Undergrad: 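Sharing a structure here in C-alpha cells format.
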Amino acid sequence: MTITSGLPADFLYGFATAAAQIEGGGAEEEKASGRGDSIWDRFCEKPGAIVDGSHVNRTCNHLALYKEDIALMKSLGANAYRFSISWPRVIPLGGKDDPVNQKGLDFYNNVIDECLKNGLTPFVTLYHWDLPLALFDRYGGWLDKDSVVPDYTRYAKLCFETFGDRVKHWLTFNEPWCVAVLGHGQAAFAPGHKSNTEPWIVGHSVLIAHANAAKLYINEFKPIQGGSIGITLNGDWAEPFDDTPENIKAAQRKMDFAVGWFADPIYLGAYPQSMKEILGDRLPDFTDEELALLKDSSEFYGCNTYTTNTIKAIRSDDEFAGFTTMAFDKPDGSFIGPKSALGWLRDVPWGLRKLLNYLYSRYEKPIYMTENGWCIGGEGNLRYSYVFNEMKWHRIDGCIDDEGRVQFYRGYTNALKEAIEIDRLDIRSYFGFCDNFEWASGLGPRFGSVHVNYETFERTPKDSAKFLMDFFNKNVAQPKSTSNGH
Ligand code: BGC
C-alpha cells in the first residue's frame with residue numbers, strides 16, 4: 001500500500017546549530033581564524049557566568065570539522081542544515097565601516113558549498129546572539145538603535161551579496177526575547193545586564209534592525225536571488241491552568257509577553273495591548289516610518305519551541321511573563337508531562353499542536369519550525385564500545401541509546417504531523433538539535449541527537465537522530481516518479 005502523506009515534498013528537516021555554540025576548536029584556532037570577540041567571549045571570562053567554566057572559543061570544533069559534520073547529517077538522512085553566521089567572524093569589529101575578514105567569508109562559503117554538494121538546503125540565521133564585542137564597547141550594542149541598525153544592516157547586506165546566490169532561506173534573528181530578557185533583563189546571558197528598562201529598548205532595536213535587513217533583502221535581493229526571509233521567535237504554549245476567565249486571560253498575557261512582543265508588531269502592526277498597559281512609557285513607540293518598515297517584513301513565522309507551561313493568574317514578580325505564574329501542575333495535582341534534566345523543560349506534545357494552531361490562526365503565515373529538542377542529564381558520561389574511523393560517521397548501527405529523547409521526538413513529530421495533516425496548517429520544516437555549548441549552562445546539559453566528546457571532538461549519533469530522520473524520510477512525500485520509473 002502506498003502511504004500518502006500530508007508532509008509536502010519540499011518539507012525541510014535536519015539539524016539546527018548556532019555559530020557560537022559549535023564552531024570553536026580552541027582559543028588559538030579562533031585567533032588564527034581572524035574572528036573578532038563577541039559579547040560571549042567576555043561573558044565567558046566573567047567568573048561564575050558559565051556553570052562549568054567552559055568557553056565559547058572551544059566548543060565542537062565545527063570550524064575544522066564542518067565537512068565531517070555535513071557528511072554525517074547527510075548520512076543520517078537530513079535534507080537541510082540550519083546554522084548561523086557569526087557576525088564577528090565576518091566583520092571582526094562589526095561596524096559598517098570596519099574591515100571584512102576574508103577567512104570568515106571563505107569559511108561560510110565552504111559550509112554552504114558543502115551543504116549543496118551533499119544535497120542539504122542551507123537555512124541561515126544572521127544573528128544568534130554573538131554581537132561583536134567592539135560594538136558593545138563603542139555604543140552599548142542593542143541599546144543604541146540609531147548606531148546598531150546601520151551596522152547590522154551592512155552586515156546583513158554583506159551576507160546577502162556574498163552568499164545569496166546559494167542561500168535561499170534567511171532568518172534575521174534567533175529569539176530576540178532571549179537577547180532582550182536573558183541578556184539585558186536577568187543577566188543570565190551576555191552581556192549580563194539586569195534591568196527592567198533595557199529589555200524593552202533592546203527588543204525595539206532588534207525589531208527595527210530586523211525590518212531594515214528584511215526589507216533590504218525583499219526589495220533588492222529577492223527579485224534577483226529569489227529566496228525568502230523571516231524571523232525566528234521562541235515561544236512555548238501557555239495553557240490556562242483551568243477554565244476560569246482570570247487564568248484564560250493570564251495565559252493570553254503570557255503569550256503576549258513571550259511571542260506577541262515581537263510577532264504582533266511584525267505581523268499585526270502594534271505591540272500587544274497588555275504590554276502597553278503594564279509597561280507604559282518603558283515600551284518605546286514606533287514611528288510611522290518604522291511601522292511601515294515592519295509591515296510584511298517577515299515572509300514566514302520561524303518557530304522555536306520546546307515545552308508547555310500551565311499559567312495561573314496569581315500575581316508573580318516576573319514582569320517578563322506579564323506577572324503571571326508559570327507552572328507545570330494541573331488542578332488534579334499531576335504534572336502536564338515528564339521532566340527533563342532542565343527545570344524549564346517538560347515533554348508535552350499536545351502543547352505543540354495547540355501552539356502551531358494559535359500561531360497560524362493569529363499571524364496567518366507559513367511556519368518553519370526552526371528548533372525543538374530535549375535535554376538529558378548524564379549523557380556526557382556515556383561510554384561506547386566501538387571506535388569511529390575518521391570520515392566514517394555513517395556507521396549508525398551502534399547509536400547511543402537516548403530513549404527519553406526518542407520519546408520526546410515521537411510525541412512532537414506526531415503532533416507536527418497532525419497539525420499538518422488534520423489541522424491543515426502550512427508548516428514547512430523541522431530542525432532538531434546537536435550537543436553543543438549550551439550558553440550559560442556550559443557543556444553539561446546535552447540537547448543533541450548527535451553526541452559530541454568534548455575531549456576528542458568525536459561525534460556519535462544517538463538513537464534519536466536515527467528516529468527523527470527515519471520519521472521524515474518515511475513521512476515526507478517523495479517527488480512523484482513517472483510511469484517508466486524515472
Ligand atoms: C536557543 C538555542 C539553545 C536552546 C536550548 C534556544 O533558546 O536558540 O541556542 O541551545 O534554546 O536551550
Side-chain angles (χ1 to χ4, degrees), residues 175-189 193-204 206-207 233-268 270-284 301 303-340 342-359 361-363:
E175 304 187 349
W177 186 94
C178 296
V179 177
V181 173
L182 301 181
H184 290 264
Q186 298 174 341
F189 281 8
H193 287 194
K194 206 176 175 77
S195 158
N196 70 359
T197 51
E198 286 188 11
W200 321 111
I201 297 168
V202 166
H204 203 80
V206 169
L207 277 168
L233 307 178
N234 53 309
D236 295 327
W237 178 242
E239 175 75 4
F241 178 69
D242 57 22
D243 57 9
T244 58
E246 317 80 84
N247 287 335
I248 291 174
K249 200 169 159 209
Q252 180 57 52
R253 195 160 70 248
K254 169 66 177 51
M255 291 305 291
D256 291 346
F257 272 75
V259 171
W261 178 4
F262 301 97
D264 281 18
I266 291 175
Y267 303 108
L268 308 178
Y271 280 128
Q273 191 54 32
S274 63
M275 292 187 75
K276 291 186 193 164
E277 281 164 17
I278 289 179
L279 300 171
D281 286 354
R282 285 178 295 148
L283 194 64
Y301 184 101
C303 170
N304 284 0
T305 190
Y306 286 81
T307 196
T308 287
N309 288 107
T310 47
I311 303 295
K312 303 171 190 173
I314 302 165
R315 190 181 163 95
S316 71
D317 58 5
D318 186 358
E319 189 173 38
F320 303 120
F323 296 122
T324 63
T325 296
M326 293 165 60
F328 287 113
D329 62 320
K330 297 196 286 189
D332 67 6
S334 65
F335 289 99
I336 52 169
K339 56 181 179 190
S340 71
L342 291 176
W344 57 266
L345 176 57
R346 282 183 183 255
D347 180 356
V348 193
W350 53 261
L352 174 64
R353 188 163 165 202
K354 285 199 178 185
L355 174 75
L356 291 171
N357 274 278
Y358 171 88
L359 296 174
S361 64
R362 187 173 174 98
Y363 301 119

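Bear in mind the structure is a predicted one, so any value in this text is a computation, not a measurement.
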Undergrad: Would you check if Ile336 and Trp350 make a side-chain contact, meaning some heavy-atom pair closer than 4.5 Å?
TA: yes

Undergrad: How many angstroms lie between atom CG of Leu359 and atom OH of Tyr301, to the nearest 0.5 angstrom?
TA: 4.5 Å

Undergrad: Check Gly260 against Pro265 and note the closest heavy-atom contact, atom names and distance.
TA: O-CD, 3.2 Å

Undergrad: Check the pair Asp264, Tyr363 against side-chain contact (heavy atoms from CB on, under 4.5 Å), reporting the backbone distance first and the verdict last.
TA: CA-CA 8 Å; Asp264 281 18; Tyr363 301 119; 2.6 Å; yes

Undergrad: For Ile311 and Ala238, which heavy atoms make the closest approach, and how far apart are they?
TA: CG1-CB, 3.6 Å

Undergrad: Answer yes or no: does atom NZ of Lys276 have more than 12 heavy-atom neighbours from other residues, nucleotides or ligands under 6.0 Å?
TA: yes

Undergrad: Using the rule given for ring-ring contact (aromatic ring centres under 6.0 Å, His included), can you reason through Trp200 versus Phe320, listing the C-alpha separation, both sets of side-chain angles and the distance that settles it, and then say yes or no?
TA: CA-CA 10 Å; Trp200 321 111; Phe320 303 120; 5.5 Å; yes

Undergrad: Enter the distance from Thr307:OG1 to Asp347:CG here, rounded to the nearest 0.5 Å.
TA: 8.0 Å

Undergrad: Calculate, to the nearest 0.5 Å, the distance between atoms CG and OG1 belonging to Leu352 and Thr308 respectively.
TA: 8.0 Å

Undergrad: I'd like to know if the side chain of Asn247 and the backbone of Ala313 have a donor-acceptor N/O pair within less than 3.5 Å.
TA: yes

Undergrad: Taking side chain to side chain donor-acceptor pair (under 3.5 Å) as the definition, give me every residue that meets it alongside Asp256, ordered by chain and number, with sequence neighbours left out.
TA: Gln252, Ser274

Undergrad: How far apart are the closest heavy atoms of Pro199 and Ala180, and which atoms are they?
TA: O-CB, 3.4 Å

Undergrad: How many angstroms lie between atom CD1 of Ile278 and atom CD of Gln273, to the nearest 0.5 angstrom?
TA: 11.0 Å

Undergrad: Answer yes or no: is there a donor N or O on one side and an acceptor on the other, between the side chain of Asp236 and the main chain of Tyr306, under 3.5 Å?
TA: yes

Undergrad: Measure the CD-CZ distance between Glu246 and Arg253 for me, rounded to the nearest 0.5 Å.
TA: 11.0 Å

Undergrad: Sub-3.5 Å donor-acceptor pair from the side chain of Thr310 to the main-chain atoms of Glu239, do we have one?
TA: no

Undergrad: Please give me the minimum heavy-atom distance between Cys178 and Asn234, naming the atom from each residue.
TA: SG-ND2, 3.8 Å

Undergrad: For residues Val348 and Phe328, determine if any side-chain heavy atom of one lies less than 4.5 Å from a side-chain heavy atom of the other.
TA: no

Undergrad: Go through Leu268 and Arg362 one step at a time and tell me if the side-chain contact (heavy atoms from CB on, under 4.5 Å) criterion holds.
TA: CA-CA 9 Å; Leu268 308 178; Arg362 187 173 174 98; 4.1 Å; yes

Undergrad: Quick one: does NZ or CZ of Lys312 land under 6.0 Å from the six-membered ring centre of Phe241, within 45 degrees of the ring axis?
TA: yes

Undergrad: First locate atom CZ of Arg282, then atom NE2 of His204, and finally report the distance between them rounded to the nearest 0.5 Å.
TA: 15.5 Å

Undergrad: Report the C-alpha separation of Thr324 and Phe257 in whole Å, then their side-chain angles, then the decisive distance to 0.1 Å, and conclude whether the side-chain contact (heavy atoms from CB on, under 4.5 Å) test is met.
TA: CA-CA 10 Å; Thr324 63; Phe257 272 75; over 6 Å; no

Undergrad: Do Asp332 side-chain atoms and Ser334 backbone N/O form a donor-acceptor pair below 3.5 Å?
TA: yes

Undergrad: Mind listing the closest non-hydrogen atom pair of His193 and Glu198 along with its distance?
TA: ND1-OE1, 2.7 Å

Undergrad: Show the numbers, then the answer: is there a side-chain contact (heavy atoms from CB on, under 4.5 Å) between Leu182 and Trp177?
TA: CA-CA 8 Å; Leu182 301 181; Trp177 186 94; 4.0 Å; yes

Undergrad: Looking only at non-hydrogen atoms, find the nearest pair between Gly203 and Trp261 and report the distance.
TA: CA-CZ2, 4.1 Å

Undergrad: So, do Cys303 and Leu355 sit near enough that their side-chain heavy atoms are less than 4.5 Å apart?
TA: yes

